[in-house]
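Chain letters run A, B, ... following the sequence lines, proteins first, then strands; residues in each count from 1.
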Amino acid sequence: MKNRHEPLFAIGVARRLTGLTERQIRYWETQQLVVPVRTPGNHRLYSQADIDALAWAARLRRRGYRLWDILAMQREQTPAPHVRQDSDAHFRFRRPAVAGSTGAPTGSRADRPVTQDRAKLLEEIERRRAERSDERREKDRD
DNA sequence: CTTCTAACA
DNA sequence: TGTTAGTA
C-alpha cells in the first residue's frame, strides 16, 4: 500500500514548484491530468507524483503539445522519446489507462478518432505538434 | 493569509 | 486563461 506519510503540498506550493498558474493546475485537474486528494476542508493536496506529472505536462506544453496530446500520452503510459531523455524515467502517474478512452478529455470537446496502435498515436501527436509549431513560427514572424 | 467555486471582462 | 467575488 501507499506511503501513508507521503509528503503532500497545497496548490500554492505546486504553483511555485511547477511554474504553472493555479488556474491551469485546477483546469488540468478537470481534465484529470492529476487528481489531488482533498483535505476535510476541500483543499487540494498534491503528492510528489502529482507535481512530477504537472511539471512534465508543463514542459510538453512549452514544446507545443496540446493538453489533449499530453493526456493521451499519459494514458498510453508512454512519454515521447525526447521527453524521456531529460526526465527521470519513472513517472508514477496514478491515473490508470481507461479502457475504451479516446484520449479526449471528458466533456471538453467531441471525441477525437482513436488510434489503437500506440506508435501511430504518438506519431500522429508529434505530426500535429510539429504543424502547430510551424504555424506559430510563421505567425510570430511579423 | 491561502484556497475554493463560480462566473465573466 | 486571467481574474475577481464571497467564502471557509
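The distance from atom CD of A:E29 to atom P of C:dT1 is 15 Å, rounded to the nearest whole Å. Remark: C1' of B:dT2 and OH of A:Y46 are 13 Å apart, rounded to the nearest angstrom. Distance CG (A:L45) to P (B:dT2): 16 Å, rounded to an integer number of Å. Nucleotide B:dT2 holds its P atom 20 Å from the CG atom of A:L8, rounded to whole Å. Between the OH atom of A:Y27 and the P atom of B:dA6 there is a distance of 16 Å, given to the nearest Å.
At least one donor-acceptor pair under 3.5 Å links the side chain of A:Q74 to the backbone N or O of A:L33. A distance-only check finds a donor-acceptor pair linking the side chain of A:R61 to the backbone of A:Y65 [under 3.5 Å].
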Secondary structure of DNA chain C per the Watson-Crick/G-U criterion (both distances under 3.5 Å; [ ] crossing, | other strand, . unpaired) is .|||||.|
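Applying the side-chain contact (heavy atoms from CB on, under 4.5 Å) criterion to A:R38, with sequence neighbours excluded, gives A:E29, A:N42, A:R44. In this structure, the side-chain contact (heavy atoms from CB on, under 4.5 Å) partners of A:L8, at least two apart in sequence or on a different chain, are A:V37, A:L45, A:S47. For the side-chain contact (heavy atoms from CB on, under 4.5 Å) test, residues two or more places apart in sequence or in another chain that qualify with A:E22 are A:I11, A:R15, A:R26. Evaluation of the side chain to side chain donor-acceptor pair (under 3.5 Å) rule for A:R127 yields A:E131 as partners, not counting sequence neighbours.
Residues A:W28 and A:L20 form a side-chain contact, since some pair of their non-hydrogen atoms from C-beta on lies under 4.5 Å apart. Put simply, the side chain of A:I25 does not reach to within 4.5 Å of the side chain of A:T21, judged on heavy atoms.
At a threshold of 4.0 angstrom between heavy atoms, the contacts of A:R15 with the nucleic acid are absent. Heavy atoms of A:R26 sit under 4.0 angstrom from at least one base atom.
If you check B:dT3, C:dT1, B:dT5 against the side chain of A:W28, the one that comes closest is C:dT1.
In terms of heavy-atom proximity, A:A55 sits nearest to A:T18 at N-CG2, 4.1 Å.
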Protein heavy-atom contacts under 4.0 Å, written 5' to 3' over nucleotides 2-8 of chain C as B (base), S (sugar-phosphate only) or - (none), form the string BB-----
